[in-house]
Amino acid sequence: DAGNGIQTGYLSLGIEDAPVEAADEIVLQVHGVELKPKVGQAFYIEFASPKLFDLVELQDGQRAMLLDGEEVPAGEYLWARVMTVADSEVDGDSSVTAAGAQCESRIPSGDETAYEAARGFTVGVGSTTDFTAKIDLPKTRHRRPDQSAGVDSCGRQAYLLKPLTRLVNHLEVGFVSGTVEPTLVSEQCANSRRFKPGSVYLFGPYETDVPMPVDYDGIAGDLRGGDALASAMVSVNENTNYVYSIAWVPAGDYFVAYTCDPDQSYAAANHAASSAGADEAVTFVPVTGLVRTVSAGQTTAANFTLEP
């Protein structure tokens with residue numbers, strides 16, 4: 001706004017989730033967005049009324065807009081927070097529906113908290129900066145016996161939603177997509193507890209040595225490698241082919257791997273110190289993954305076939 005000496009730009013911020021099994025509906029109540037400039041105090045953009053988003057519907061590149069061309073001061077920002085309400089004692093805010101039952105949810109740091117995307121970004125003068133806050137629910141959603149709810153549903157057990165979010169710039173991202181050979185699906189899913197046709201995990205980015213694919217476990221310093229950055233469920237397209245697509249992948253070097261095994265985010269199948277994951281075996285194909293380079297604005301193909 002030249003009239004008061006403040007230079008401004010425009011910010012568009014969407015929200016998307018990574019695909020997740022074993023949930024019919026995951027509702028997140030959002031009441032605003034908080035932004036922290038590099039210089040100065042954080043400020044809050046409050047919605048006229050809270051918005052409810054079903055994250056199950058926001059997958060494979062589909063996003064809902066939190067801010068759409070919102071005028072903000074131009075300059076550098078340290079982070080953005082998606083402000084949510086997840087009170088396990090109150091019905092009607094954030095919830096998880098699985099197997100037909102609607103369960104309450106809570107966030108570890110309190111009843112009202114945020115999904116914070118701790119990545120700096122810049123809003124240019126007179127231009128629009130477009131980001132997506134990508135919540136990866138396979139990493140954030142846990143249903144554990146110690147999480148209780150005050151609402152009489154799901155045996156008064158609540159889902160724990162850990163605030164893990166990454167912010168992706170639409171000018172700096174690409175896509176990874178491909179097919180999975182039907183014979184591979186049949187072999188890998190023959191004895192799986194998970195509904196076939198399985199999922200594809202994306203690991204990275206990496207700069208030197210390619211790590212081994214591992215299950216979601218949330219263990220810092222896991223010597224076998226870190227958790228996947230993103231994942232996608234395999235589906236059947238109109239030509240009856242098994243396909244998948246991972247959207248909003250920052251440019252860089254990655255590897256992808258396919259599995260039809262169930263992967264509980266609180267169990268570490270590949271970590272020797274985790275007794276919780278003792279009976280969870282996650283087998284990836286290929287064992288070392290497919291190495292791929294993702295370029296901004298491009299779609300990178302990675303197809304999975306049955307190994308000889």
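All of these numbers come straight from a predicted model, not from anything done at the bench.
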*After noting the C-alpha distance and the side-chain angles of Y258 and V234, does the key distance pass the side-chain contact (heavy atoms from CB on, under 4.5 Å) rule?*
CA-CA 9 Å; Y258 166 77; V234 177; 4.0 Å; yes
*Closest non-hydrogen atom pair, Y244 against V256*: OH-CG2, 4.5 Å
_Please give me the minimum heavy-atom distance between G75 and Y77, naming the atom from each residue._
O-CD1, 3.4 Å
*Considering residues at least two apart in sequence or located in another chain, which fulfil the side-chain hydrogen bond (donor to acceptor under 3.5 Å, both in side chains) criterion with D253?*
T293
*For T129 and V72, what are the C-alpha separation, side-chain angles and deciding distance, and is it a side-chain contact (heavy atoms from CB on, under 4.5 Å)?*
CA-CA 10 Å; T129 300; V72 298; over 6 Å; no
*Identify, with sequence neighbours excluded, every residue that meets side chain to side chain contact (heavy atoms under 4.5 Å, CB included) alongside T128.*
Y10, S12
_Would a single hydrophobic cluster contain both V243 and V294, if residues Ile, Leu, Val, Met, Phe, Trp and Tyr are joined by side-chain heavy-atom contacts under 4.5 Å?_
no
*Do you know the tightest heavy-atom contact between Y254 and P205?*
CE2-N, 3.4 Å
*Excluding sequence neighbours, so at least two apart, what forms ring-ring contact (aromatic ring centres under 6.0 Å, His included) with F131?*
F121
*asked:* Between T259 (side chain only) and T283 (backbone N and O only), is there a donor and an acceptor less than 3.5 Å apart?
replied: yes
_For T288 against F255, the heavy-atom pair lying closest together_ = O-CD1, 3.9 Å
*asked:* Can a donor-acceptor pair be found, under 3.5 Å and without considering hydrogens, that links the side chain of N239 to the backbone of N241?
replied: no
Report all side-chain donor-acceptor pairs from residues 175-184 shorter than 3.5 Å, counting only partners two or more places apart or in another chain.
| from | atom 1 | to | atom 2 | distance (Å) |
| --- | --- | --- | --- | --- |
| T179 | OG1 | N303 | OD1 | 3.3 |
| E181 | OE1 | T183 | OG1 | 2.6 |
| E181 | OE1 | L306 | N | 3.1 |

*Shared ILVMFWY cluster between V236 and I246, side chains joined below 4.5 angstrom?*
yes
*Residues in salt bridge (charged side-chain N to carboxylate O under 4.0 Å, His left out) with E34, at least two apart?*
R81
Determine all donor-acceptor pairs shorter than 3.5 Å in which one atom belongs to a side chain in residues 37-54; sequence neighbours excluded.
| from | atom 1 | to | atom 2 | distance (Å) |
| --- | --- | --- | --- | --- |
| Y44 | OH | H31 | O | 3.1 |
| Y44 | OH | H31 | ND1 | 2.5 |
| D54 | OD1 | I26 | N | 3.1 |
| D54 | OD1 | V56 | N | 3.1 |

_Any residue meeting side-chain hydrogen bond (donor to acceptor under 3.5 Å, both in side chains) with R292, in chain and number order, not counting sequence neighbours_ = none
